[in-house]
Amino acid sequence: MVGTELSPSLLVDTSSLLRANLDRFDPARIERDAAHVVQALVLFGRVYLDGPSVERNLARLSWTLDIDPGVQLLEIENDDVSALYQRGSSLSGHLAPWDGTHDYLRMHVPEELVAEIGSNRWAPSTYWSHLEGLTLPAELQKMKAALDDGFDNAGAGHPFSGAAFVALARLCYYLALQEEIGSVLLLDKLKSYILSVSSDDPLEEFGSPENSSDPAVRYGRVAHRILGMFDSQVSNAFEERRLKWLGGHERDLSVPLLARYVVNQSKERGWSLGRTISAMRESYEVKQFRLGLAELLNYEAAGDNRGMDEVFETLEAAAGEWSKRLGVPVNRRSFKVTAALPLVEPEFTVPTPRLRGRRPGERLLVLISELLQWA
C-alpha cells in the first residue's frame, strides 16, 4: 500500500531527462514535457535512473551528480544489461500491430532516442531497413531479431522508421527494468506503443498504463490532478479578471504550477534547475504533500468515504478562496509572543487541550500555498 512510504518509487527513462534539458535550460521556454519531468522528480520520494545510459550522456545530465540521495543511478553491469534486453525481448510476442504500424514514428530519428543506446550518431533519415548495416551492440541485434519475428508472427510488416526500433527496444528494456526494481515508470511519449499481453504476464499492468489501478501509478496521476485543479481554478480566475479590466491578451500561465515555481525559484536564487529541484525534494512543504497524498490514497483504498470527503472539502474551500486573491501571500503569517504567568488557583479544574495533528488536506495545502506565491 502507498502508505508504507510517503510516495512510491519512480523509474525515469533517459530520453525524458535529455528532452527536459535541465543543464541548458531556458526558463522562458519551458515546455510541458519538461514540466512533467520536473514535477515527477520533485514529488516522488525515490527516483531511479538508468545508470548506463545516463553515464553515456553525463555531459548533458551533470545535474544528476549534485541532486539529493533520493534520486539514484542504478548501477547495471554489462551482463545485467544484456539480461534486461533478453527479458524485454520476450515481449516481442505481445506486439499489437495496427493499420498504422508501418508509419509508427515515421520521422527523423530524434537525438534523445539514439543517445540512450550509444554515442554514435545516426543519420536523421535512418530506416529500419538500414539497421542491418549499422554496428549495433549484440543485445540490440538480438532485440531487433526478436522484434522482426514478433511483427512477422503478428502478420504485419515492421515499422518503416529507425526511430521506431530504438523506441521499441528501449520500451522493452525499461519494462524489464521496472519489473526488476518494482517501481512505477515514466516514459518519453515517443515510447508509447501498446503491448497486448495475457492476464498472467507480470508486465500486464504496464502494457496500458492509462488503465492501471496500481497504487504507484495512481499516486502520480492524483498528484498531477490535484495540482492541476488548483492551477486551473486560480489561474483562470486571474485571467478572467485581467480580461475584464485590460481587454484581450495572450495567456501566459500555460506552464504547470509546480514547474512554474521551480523556474521562478531558479531565477530568484540564481540556481540551476537541478539544484532547485534537489532543494525542493528535501523541503518541508514537499514532504508534507507526499504524506497528505499517501493518506488520501489510503482512505481511497480502505473505502473511507468520510475521510476522503474531509480532504475534498478542505481543498475545495482553499481553491475557492485563493482564486479570489492571486498574487496575495497565501500563507505568510507573523505573530508576537507575550509571556504570561500561569494561573495558580488550584480549586479550578479545566480540561487540558490536545494538540490537533495536521489533516491530510492541510498537508497538501502546505505545498500548494507555497507554489501559489509565484503563480
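Excluded from the calculations below are hydrogen atoms, water molecules and symmetry mates; all remaining heavy atoms, backbone and side chain alike, are included.
Once rounded to the nearest 0.5 Å, the distance linking CD1 of I117 with CZ of R56 reads 8.0 Å. To the nearest 0.5 Å, atom CG of residue D68 and atom CD1 of residue I277 are 10.5 Å apart. A distance of 10.5 Å separates CG of L315 from CD of Q233, quoted to the nearest 0.5 Å. L365 CG to E370 CD: the interatomic distance, rounded to the nearest 0.5 Å, is 13.0 Å. To the nearest 0.5 angstrom, F230 atom CZ is 7.5 Å from L372 atom CG. Atoms NZ and CG, from K189 and L187 in turn, are 13.5 Å apart once rounded to the nearest 0.5 Å.
Salt-bridge check for K191 with D13: passed, with a basic side-chain N closer than 4.0 Å to an acidic carboxylate O. D231 has a carboxylate O that lies under 4.0 Å from a charged side-chain N of R260, or vice versa, which qualifies the two as a salt bridge. Ion pair R87/E180 not flagged as a salt bridge, since none of the NZ, NE, NH1 or NH2 atoms sits closer than 4.0 Å to an Asp/Glu carboxylate oxygen. A salt bridge links E282 to K287: at least one charged side-chain nitrogen sits closer than 4.0 Å to a carboxylate oxygen.
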(request) Could you walk me through whether R46 and L11 pass side-chain contact (heavy atoms from CB on, under 4.5 Å), step by step? (result) CA-CA 9 Å; R46 185 165 300 280; L11 172 62; over 6 Å; no

(request) Take R359 and E295, measure what salt bridge (Lys or Arg N to Asp or Glu O under 4.0 Å) needs, and give me the verdict at the end. (result) CA-CA 9 Å; R359 297 188 175 107; E295 291 171 337; over 6 Å; no

(request) Start with the C-alpha gap between H224 and H36, add the side-chain angles, then the distance that decides, and say whether ring pair (Phe, Tyr, Trp, His ring centres under 6.0 Å) holds. (result) CA-CA 9 Å; H224 179 74; H36 293 155; 5.2 Å; yes

(request) Starting from the C-alpha separation in whole Å, work towards a yes-or-no answer on side-chain contact (heavy atoms from CB on, under 4.5 Å) for L296 and Y219. (result) CA-CA 10 Å; L296 171 59; Y219 175 92; over 6 Å; no

(message) Show, in sequence, the C-alpha distance, side-chain angles and deciding distance for T276 and V263, and conclude whether the side-chain contact (heavy atoms from CB on, under 4.5 Å) test is met.
(response) CA-CA 8 Å; T276 306; V263 168; over 6 Å; no

(request) Quick one: do D309 and E313 satisfy side-chain contact (heavy atoms from CB on, under 4.5 Å)? Show the steps, please. (result) CA-CA 6 Å; D309 201 51; E313 286 180 357; 3.3 Å; yes

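The number of heavy atoms from other shown groups lying within 6.0 Å of CE (M308) is above 12. Taking a 6.0 Å sphere around CD of Q141, one finds it holds more than 12 heavy atoms contributed by other residues, nucleotides or ligands.
With hydrogens and angles left out, the side-chain atoms of Y173 and D50 include a donor and acceptor closer than 3.5 Å. In this structure, a donor-acceptor pair under 3.5 Å is absent between the side chains of S16 and R19. Side-chain atoms of E116 and S53 include no donor-acceptor pair closer than 3.5 Å.
Residues V42 and R290 approach most closely at O-NH2, 2.8 Å, considering heavy atoms. The two residues F289 and A223 make their nearest non-hydrogen contact at CE2-CB, 4.0 Å. Residue G292 comes nearest to L364 through the heavy atom pair C-CD2, 3.9 Å, listed as atom of the first residue, atom of the second, then distance. Taking every heavy atom of both residues into account, G88 and A176 meet most closely at N-CB, 4.0 Å. A163 and L113 get closest at one heavy-atom pair: O-CD1, 3.8 Å. Across all their heavy atoms, D188 and S15 have their closest contact at OD2-OG, 3.1 Å.
Residues L131 and L147 are members of one and the same hydrophobic cluster, defined by side-chain heavy-atom contacts under 4.5 angstrom among Ile, Leu, Val, Met, Phe, Trp and Tyr. A single hydrophobic cluster is seen to contain both V47 and L73, as judged by linkage of ILVMFWY side chains at heavy-atom distances under 4.5 Å, directly or through other members. W271 and V286 sit in two unconnected hydrophobic clusters of ILVMFWY residues. Membership requires side-chain heavy atoms under 4.5 Å apart, directly or through other members. Hydrophobic clustering of Ile, Leu, Val, Met, Phe, Trp and Tyr side chains at less than 4.5 Å, counting indirect connections, unites L136 with V114.
Although no hydrogens or angles enter the test, the distance criterion places no donor-acceptor pair under 3.5 Å between the side chain of Q178 and the main chain of L185. Listed for the R363 side chain is no donor-acceptor partner under 3.5 Å among the backbone atoms of L293. Of the possible donor and acceptor atoms, one in the side chain of R60 sits under 3.5 Å from a partner among the backbone N and O of L18. Between the side chain of S161 and the main chain of L105, a donor-acceptor pair closer than 3.5 Å is present. Of the possible donor and acceptor atoms, one in the side chain of R281 sits under 3.5 Å from a partner among the backbone N and O of F44. Formation of a donor-acceptor pair under 3.5 Å by the T126 side chain with backbone atoms of A123 is found in this model. T314 places a side-chain N or O within 3.5 Å of a backbone atom of E310 that can act as its donor or acceptor partner. No donor-acceptor distance shorter than 3.5 angstrom exists from the side chain of S278 to the backbone of R275, with no hydrogens or angles considered.
For the pair E139/V81, a side-chain contact is recorded, criterion being any heavy-atom separation below 4.5 Å from C-beta on. The side-chain heavy atoms of V311 and Y299, taken from C-beta on, include a pair separated by under 4.5 Å. V37 has its side chain within reach of L17: a pair of non-hydrogen atoms, C-beta onward, lies under 4.5 Å apart. You'll find the side chain of Y104 reaches within 4.5 Å of the side chain of L168, heavy atoms only. With contacts defined as side-chain heavy-atom distances shorter than 4.5 Å, the pair M143/C172 qualifies. Looking at heavy atoms from C-beta onward, D80 lies in side-chain contact with E77 at the 4.5 angstrom threshold. Inter-residue side-chain proximity for E300 and R218 is flagged as met; some heavy-atom pair is nearer than 4.5 Å. For the pair L186 and Y174, the minimum side-chain heavy-atom distance is 4.5 Å or more.
Other members of the cluster containing F160 are Y127, with ILVMFWY side chains joined at under 4.5 Å, either directly or via other members.
Screening L61, V38, V262, I67 for a side chain to side chain contact (heavy atoms under 4.5 Å, CB included) with L22, the sole residue that qualifies is V38.
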